[in-house]
Asks: 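Quick one: this structure, given as structure tokens, is what I'll be asking you about.
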Amino acid sequence: MQISQILYKIDSGDIALPEFQRGYVWTRDQVRAFFQSLYRGYPIGGFLTWSTKAESASTRGDGPEKDGTVQLLLDGQQRVTTLYGVTQGHSPRFFEGNQAALTGLHFNLETETFEFYAPAKMKDNPLWVDVTALFQGG
């Protein structure tokens with residue numbers, strides 16, 4: 001499954017977070033390292049979901065807004081939430097955690113490294129690209 005399909009399934013309510021899962025706990029260092037791994041093509045692990053009836057699923061956030069079945073995300077929540085938050089520019093509906101961990105990630109075109117926004121270093125420097133803006137087409 002492609003990343004875009006996973007993100008779409010979160011938006012459509014086809015993927016939800018079960019209530020028993022902890023909230024988002026990754027730090028900015030973990031977010032940065034995750035995107036560095038993606039960029040370098042390193043393995044990032046898989047995702048484990050469980051298909052169950054939407055009306056009986058106990059989920060975080062607003063819960064499934066659909067009939068039929070929902071995929072409960074059992075493993076990979078930190079990775080999926082990071083992908084969603086950074087690429088979409090906002091957290092998924094099931095998000096519970098520190099929003100700052102998902103905002104301001106930049107990529108340096110020269111050194112090929114990821115860092116969070118630091119005005120003294122990055123302001124008006126065309127070598128630093130806002131990752132979220134890039135995914136949003138900006």
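The model shown is predicted, which means the values in this text are computed figures rather than measured ones.
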Asks: Of all the heavy-atom pairs spanning V86 and T132, show the shortest one and how long it is.
Replies: O-OG1, 2.6 Å

Asks: So, taking the atom named CZ in F35 and the one named CD1 in I44, what distance separates them when rounded to the nearest 0.5 Å?
Replies: 9.5 Å

Asks: Tell me whether Q71 contacts the main-chain N or O of A16 through its side chain, where contact means a donor paired with an acceptor under 3.5 Å.
Replies: no

Asks: Among residues two or more places apart or on two chains, list those pairs meeting side-chain hydrogen bond (donor to acceptor under 3.5 Å, both in side chains) that have a residue in residues 29-48.
Replies: T27-Q30, Y39-E112

Asks: If you compare all heavy atoms of T87 against all heavy atoms of F135, which two are closest, and at what distance to 0.1 Å?
Replies: O-CB, 3.5 Å

Asks: Any idea which heavy atoms bring L109 and P126 closest together, and the distance?
Replies: CD1-O, 3.9 Å

Asks: When you compare the side chains of D14 and Y8, does any donor N or O come within less than 3.5 Å of an acceptor on the partner?
Replies: no

Asks: Please report the shortest heavy-atom distance between G13 and V70, naming the atom on each side.
Replies: O-CG2, 3.3 Å

Asks: In Å and rounded to the nearest 0.5 Å, what is the CG to CG distance from L48 to L74?
Replies: 5.0 Å

Asks: Can you sort out the partners of D75 under salt bridge (Lys or Arg N to Asp or Glu O under 4.0 Å), two or more places apart, ordered by chain and number?
Replies: R79

Asks: With a 3.5 Å distance limit and no angle check, can you tell me whether Q21 reaches the backbone of L73 through a side-chain donor-acceptor pair?
Replies: yes

Asks: Taking all non-hydrogen atoms of both residues into account, name the closest pair between Q99 and S91 and its distance.
Replies: OE1-OG, 3.1 Å

Asks: Checking T81 side chain against Q78 main chain: does a donor-acceptor pair fall under 3.5 Å?
Replies: no

Asks: Quick one, T82 with Y24, criterion side chain to side chain contact (heavy atoms under 4.5 Å, CB included). Give me CA distance, side-chain angles, the key distance, then yes/no.
Replies: CA-CA 9 Å; T82 299; Y24 187 76; 2.6 Å; yes

Asks: Is a donor on one side and an acceptor on the other found under 3.5 Å between the side chain of E115 and the backbone of H106?
Replies: no

Asks: Taking all non-hydrogen atoms of both residues, which atom of L7 and which atom of Q88 are closest, and how far apart?
Replies: CD1-NE2, 3.4 Å

Asks: When rounded to the nearest 0.5 angstrom, what is the spacing between CG in L127 and NZ in K121?
Replies: 12.0 Å

Asks: Sub-3.5 Å donor-acceptor pair from the side chain of T69 to the main-chain atoms of T52, do we have one?
Replies: no

Asks: Tell me who clusters with Y117, hydrophobic residues only, linked when side chains sit under 4.5 Å apart either directly or through other members.
Replies: M122, W128

Asks: From Q77 CD over to F95 CZ, what is the distance, rounded to the nearest 0.5 angstrom?
Replies: 8.5 Å

Asks: Hey, mind stepping through F114 and V31 against side chain to side chain contact (heavy atoms under 4.5 Å, CB included) and telling me if it holds?
Replies: CA-CA 9 Å; F114 290 88; V31 170; over 6 Å; no

Asks: I would like to know whether F34 and L83 meet side chain to side chain contact (heavy atoms under 4.5 Å, CB included); could you show each step before the answer?
Replies: CA-CA 9 Å; F34 178 67; L83 278 170; 3.7 Å; yes

